[in-house]
Amino acid sequence: MSRSTTIKLPVLNLAEPPKHHIRARGRSNSIVKVEHVGDRVEEVLDRNAYINRNADWVNAKGAWLIHLVLIICGKICLDTIPGMTHNISWTLVNLLYLAISYLMFHWVTGMPFGDNLHSGAYDELTMWEQIDDGAQYTPAKKWLICMPIALFLASTHYTNYNPWLFAINLTALLFVLIPKLPQLHRQRVRFMADETASGMATPTTPSFSSGISTPLVEITQADFTESQLKYTH
Amino acid sequence: MALSKPSTPSMFKKKSGTSLSAMASAASYLSALSQADARARGQSNGSPTSTPALSISSSITSSSQDTVLHEEEDYADGLVLPARPPTSEQVFNTVHTEFGHCAQEEYRLTSKHTPGEPVPGHVDADPPYYILFSTYISYLILIVLGHIRDFLGKRFHAASYHHLIPRNGYAPLNSDFDSFYTRRLKTRMDECFSQPVTGVAGRTIVLLDRMSPDYNHTQLFTGTRTRALNISSYNYLGFAQARGGCADAVEDSIKRYGVSTCGSRLEGGASDLHANTEALVAKFVGMEDALICSMGFATNSTYIPALVGKGCLVISDELNHASIRFGVRISGASVRMFKHNDMNSLESLLREVISQGQPKTHRPWKKILLLVEGLYSMEGTLLNLPKIIELKKKYKFYLYVDEAHSIGAMGPHGRGVADYFGINPRHIDILMGTFTKSFGAAGGYIAGDKVIIDHLRVHGHSGPYAEAMTPPVLTQIIASMASIMGVKPPAPAVSSGHSLRLTSPAPSVQEESYVHPGPVPHSALPTWLNLPPELASGEEGATRLRRLAFNSRYLHNGLIKLGFITYGHPASPIVPLLLFNPGKMNMFHRMMKDRQTPIIIVVVAYPATPLITSRVRFCVSAAHTKEDIDTVLRTCDEVGDVLDLKHGLPRSERWPIDEITSKAVELAHMMK
């Protein structure tokens with residue numbers, strides 16, 4: 001006999017493919033967005049527990065002068081190339097120094113040794129953000145800001161204030177100086193970010209990427225064909 | 001006084017591999033003995049009373065595979081036989097390859113802090129600028145080359161990068177950026193690391209030689225073995241012995257208790273031996289009670305969460321060990337770090353955290369625990385315990401001292417840093433230590449007030465989940481601790497007097513009490529334990545302590561006088577020697593190993609050390625003789641000249657090596 005207390009469930013329609021991918025947050029409409037990284041509680045605790053050998057060397061002896069030594073060596077090496085005028089050589093020294101220091105301090109994130117002491121607490125921080133545990137206006141950061149400015153001034157002087165070269169050098173300098181500002185500490189500028197998260201409960205930063213090398217595969221209804229499913233009931 | 005070698009040692013002479021085969025027959029043994037006699041007489045120092053041939057057998061106490069004379073083995077490396085043949089009066093009961101024979105009373109020193117002498121904080125040594133620049137440029141070249149090779153290799157030689165590239169929809173197992181240092185820098189030097197060894201890691205150790213056909217990606221055994229002087233194992237008091245009183249006691253205990261108690265401490269694995277050992281450890285360090293954990297790392301990582309939790313603050317030194325860091329992370333307490341061994345930085349940090357309180361709410365902290373180590377293993381610096389006790393009285397925090405390296409190695413009675421400075425250990429709240437380094441055992445202990453230890457027994461993770469310490473290791477701990485402390489002989493049985501005197505009290509049972517630091521009463525040890533007399537009297541233990549103190553000071557001051565830069569306190573048995581350049585590490589290791597007396601060393605590099613200060617770490621032991629330290633000093637002298645490592649003392653103040661070896665006693669008494 002049927003009981004009046006049977007629960008009536010709404011009809012579930014599994015035939016249609018889901019309209020949207022699984023998403024943790026709604027899609028944003030802006031092309032460029034700036035977001036904050038590296039603030040999870042566990043990461044903060046892990047960072048405090050041990051010293052950061054990856055970023056400690058900027059305060060060691062000789063770490064400041066090595067910039068000068070490398071620039072001078074680079075200038076000498078560039079000058080030996082036949083056909084090099086002093087305009088091009090100074091511009092090249094400036095651009096190369098800015099490119100290499102940008103790559104080293106502001107592009108690469110994390111630590112190049114995967115020891116368990118830090119367990120990924122620095123994986124999203126660039127070396128600039130790791131220096132001095134993120135403190136601002138420290139002597140090492142001041143030196144690292146002054147070096148490109150001094151090199152820029154020297155290069156504009158020695159290229160006789162040629163307007164084109166000046167413009168190139170200035171743009172490059174600004175490009176490198178902006179990430180060093182304290183206001184951009186731990187901010188990332190994302191361009192046309194994709195918002196797909198891997199699962200509903202994955203803790204994510206606003207623009208999720210589980211890892212740089214995770215292949216982004218979209219899973220749709222077509223993946224669950226009869227031939228792929230073992231149990232057809 | 002140094003070993004008179006038959007030929008001048010060439011730096012690059014490779015020691016031919018010796019195979020340890022058994023003796024063919026008694027006749028060959030006797031012929032080898034007579035040959036060794038003739039050789040020794042030819043080299044004797046001319047002392048009429050020494051009879052070298054007969055004394056050879058006394059220096060090798062028992063016949064076993066690595067002590068019986070071999071026909072084909074040459075003794076030119078000076079490792080198997082003592083350099084100075086013993087006289088007829090001297091009797092040594094250790095094997096020379098495990099624990100060196102040394103009867104010179106002048107090569108002994110008491111490890112004690114002279115009051116008034118300042119405890120040096122960590123001093124950063126300053127090499128000349130060209131060394132620093134070349135170090136930075138080497139790392140830059142290695143990193144740039146590594147990145148170029150990765151970049152090109154992934155595109156043109158993808159077969160060898162399978163594990164680093166996503167394929168077939170699978171993410172790579174290892175991140176190529178995280179493993180960059182291991183693949184591109186460490187693999188170049190990999191012959192220095194993970195050296196397989198065999199036999200007792202005592203004064204000497206037997207290496208299994210290996211070679212690599214493909215630039216250190218795979219290592220293949222060549223089949224030969226090399227016996228090398230072992231200045232890299234943690235063996236401070238030389239208890240790493242396969243033969244001796246402790247080893248015999250351990251064999252007895254296996255017959256009695258078996259190899260395991262088959263359970264965790266709180267679930268049936270406890271035994272009387274555990275209680276006995278814990279009581280002995282508590283007496284040894286001078287605290288009320290102690291508990292033992294079967295793993296040294298786990299002692300910190302499982303018991304620190306039982307001490308601190310959320311709302312507590314842990315102040316830890318910058319260079320604390322990974323086990324402490326692990327335990328603090330699990331506990332959920334907040335952490336602050338102060339500069340290594342810098343008391344001013346500690347005081348300003350204390351003022352800041354006490355005044356500010358908890359991070360957001362600014363409420364006072366539930367507990368503030370200062371976690372420091374007695375002796376830091378990477379730097380060799382000693383804790384400034386007097387100043388910390390002073391700060392403790394002023395700011396009233398709790399103190400936890402991790403004496404993993406300093407227990408058994410420092411102090412006139414071997415009781416650790418508190419003994420070294422002459423401070424009552426009850427002023428420290430919790431003393432932790434390990435048995436691995438000085439006692440030839442394994443595991444760790446925590447000692448403190450009975451209330452705290454009872455709480456830790458129940459609330460620490462090891463109690464219910466980890467296995468109980470195994471009986472043979474417990475016996476090794478008991479035997480080695482009793483040897484260091486000395487055993488008070490049992491009081492003679494008092495016969496019940498047949499005359500009752502009312503004026504004097506009846507003779508009561510002698511209460512055997514323990515006074516710290518002093519010998520342990522006989523009743524505290526298990527009754528079946530039979531230590532040989534020289535161990536039980538504490539004489540051998542005291543000799544070992546004094547030999548260790550002499551050896552460490554001698555090596556440290558000798559290296560300084562040779563012109564090297566070393567870190568650490570001169571009394572510490574860990575002596576780091578700075579190399580700076582990454583390329584020199586490999587060369588130094590190889591040059592030390594390829595000598596007539598091979599020496600096996602430990603090199604430590606970035607990221608375990610700061611970027612520019614890569615180092616060699618010597619671990620001195622009581623098992624070394626003065627001649628062994630001379631060998632190390634001589635080798636360092638030659639290798640340091642070739643590799644340009646002497647940036648310490650200026651050339652005018654350095655001493656030549658012969659002067660150092662002849663003035664050893666004076667050098668050891670020098671306060672740096």
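Quick caveat: nothing in here was measured; it's all calculated off a predicted structure. In what follows, chains are A, B, ... by sequence order, proteins preceding strands, each numbered from 1.
Annotation: Tyr158(A), atom OH; neighbour count of heavy atoms from other residues, nucleotides and ligands within 6.0 Å does not exceed 12. Annotation for Phe193(B): atom CZ counts as buried by contact number, over 12 foreign heavy atoms lying within 6.0 Å. No more than 12 heavy-atom neighbours from other residues, nucleotides or ligands sit within 6.0 angstrom of NE2 on His217(B). Environment of NZ in Lys339(B): sparse, with no more than 12 heavy atoms of neighbouring residues, nucleotides or ligands closer than 6.0 Å. Counting non-hydrogen atoms of neighbouring residues, nucleotides and ligands closer than 6.0 angstrom, the CH2 atom of Trp107(A) reaches no more than 12 such neighbours. Enclosure of atom NE2 in His157(B) is not indicated, since only 12 or fewer non-hydrogen atoms of other residues, nucleotides or ligands lie within 6.0 angstrom.
Of all heavy-atom pairs spanning Phe177(B) and Thr109(A), the tightest one is CE2-O, 3.0 Å.
For Thr609(B), the part lying under 4.5 angstrom from a heavy atom of chain A is the backbone only. Of the atoms belonging to Ile165(B), not a single heavy atom falls under 4.5 Å from chain A. If you measure heavy-atom distances from Phe326(B) to chain A, you find no contacts under 4.5 Å at all. Heavy-atom distances place the backbone of Asn320(B), and not its side chain, under 4.5 Å from chain A.
Contact annotation: the side chain of Trp57(A) approaches that of Tyr136(B) to within less than 4.5 Å [non-hydrogen atoms, C-beta and beyond]. Contact annotation: the side chain of Ile66(A) never approaches that of Leu140(B) to less than 4.5 Å [non-hydrogen atoms, C-beta and beyond].
Expressed to the nearest 0.5 Å, how far CD1 of Ile51(A) lies from CZ of Arg325(B) amounts to 11.0 Å. The distance from the CG atom of Asp56(A) to the CD atom of Glu318(B) is 7.0 Å, given to the nearest 0.5 Å. To the nearest 0.5 angstrom, Leu611(B) atom CG is 9.0 Å from Asn54(A) atom CG. Put simply, CG on Leu132(B) and CG on Leu65(A) are 9.5 Å apart, with the number rounded to the nearest 0.5 Å.
Note on Pro607(B), Ala608(B), Pro127(B), Ser179(B): by heavy-atom pairs under 4.5 Å with chain A, the leading option is Pro607(B).
Although no hydrogens or angles enter the test, the distance criterion places no donor-acceptor pair under 3.5 Å between the side chain of Lys61(A) and the main chain of Tyr129(B).
Using a 30° and 60° split on the angle between ring planes, Tyr181(B) and Phe113(A) fall in the perpendicular class, above 60°.
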